[in-house]
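Because the structure is predicted, anything quoted here is derived from the model rather than measured.
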Amino acid sequence: MHALGMIETVGYCAAVSAADAAVKAADVKIAAIEKVIGVQGALGVTLHLSGDVAAVASAVDAGKKEAERVGKVISAHVIPSTHSNVAEKLLSRFKLNADKQTERG
């Protein structure tokens, strides 16, 4: 089972900057992205990164630092070994469109 890293930002620009820094810092995959309109209309964006534990931890650290430089980070966290239900039931709702199209065949 892969590790799961999450970086939650306010705004899309901070999220894209975090994603770019994360994938440049370590061998991780952007597994999903979640966008939610929050308090006072702000856009909350959570990036979901997957890979081995060390890579995900490095990627989350790099992504968080870059997002803080550009905007605001709400939280960042690494789950070392996610349960299969997390990917099946939760992350599947937020997979990137290209991933969804590939699954449909």
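I7 CD1 to H77 NE2: the interatomic distance, rounded to the nearest 0.5 Å, is 12.5 Å. Once rounded to the nearest 0.5 Å, the distance linking CD1 of I74 with OG1 of T46 reads 9.0 Å. The line from CG of L47 to OG of S17 is 10.0 Å long, rounded to the nearest 0.5 Å. Here the CG-OG distance, from D52 to S58, works out to 9.0 Å after rounding to the nearest 0.5 Å. Taking CG of L49 as the reference point, atom NZ of K29 lies at 11.5 Å (rounded to 0.5 Å). The distance from the CD1 atom of I79 to the NE2 atom of H2 is 14.5 Å, given to the nearest 0.5 Å.
When all heavy atoms of P80 and V53 are compared, the pair lying nearest together is O-CG2, 3.3 Å. Of all heavy-atom pairs spanning A21 and G63, the tightest one is CB-CA, 4.2 Å. When all heavy atoms of V45 and K35 are compared, the closest pair comes out as CG2-CG, 4.2 Å. For the residue pair A76 and V60, the shortest heavy atom distance occurs at CB-CG1, 3.8 Å.
In the hydrophobic cluster analysis, where Ile, Leu, Val, Met, Phe, Trp and Tyr join through side-chain heavy atoms closer than 4.5 angstrom, V10 is grouped apart from V70.
Remark: E66 engages R69 in a salt bridge, criterion side-chain N to carboxylate O under 4.0 Å.
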Handout entry: Chi angles and distances behind the side-chain contact (heavy atoms from CB on, under 4.5 Å) call for V36, L43
Key = CA-CA 6 Å; V36 177; L43 175 66; over 6 Å; no
Practice task
Verify side-chain contact (heavy atoms from CB on, under 4.5 Å) between S50 and V28, making sure each step is shown before the conclusion.
Solution key: CA-CA 6 Å; S50 67; V28 296; over 6 Å; no
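A donor-acceptor pair shorter than 3.5 Å can be found between the side chains of S75 and E8.
V78 pairs in a side chain to side chain contact (heavy atoms under 4.5 Å, CB included) with only one of the listed residues (L4, V56, D61), which is V56.
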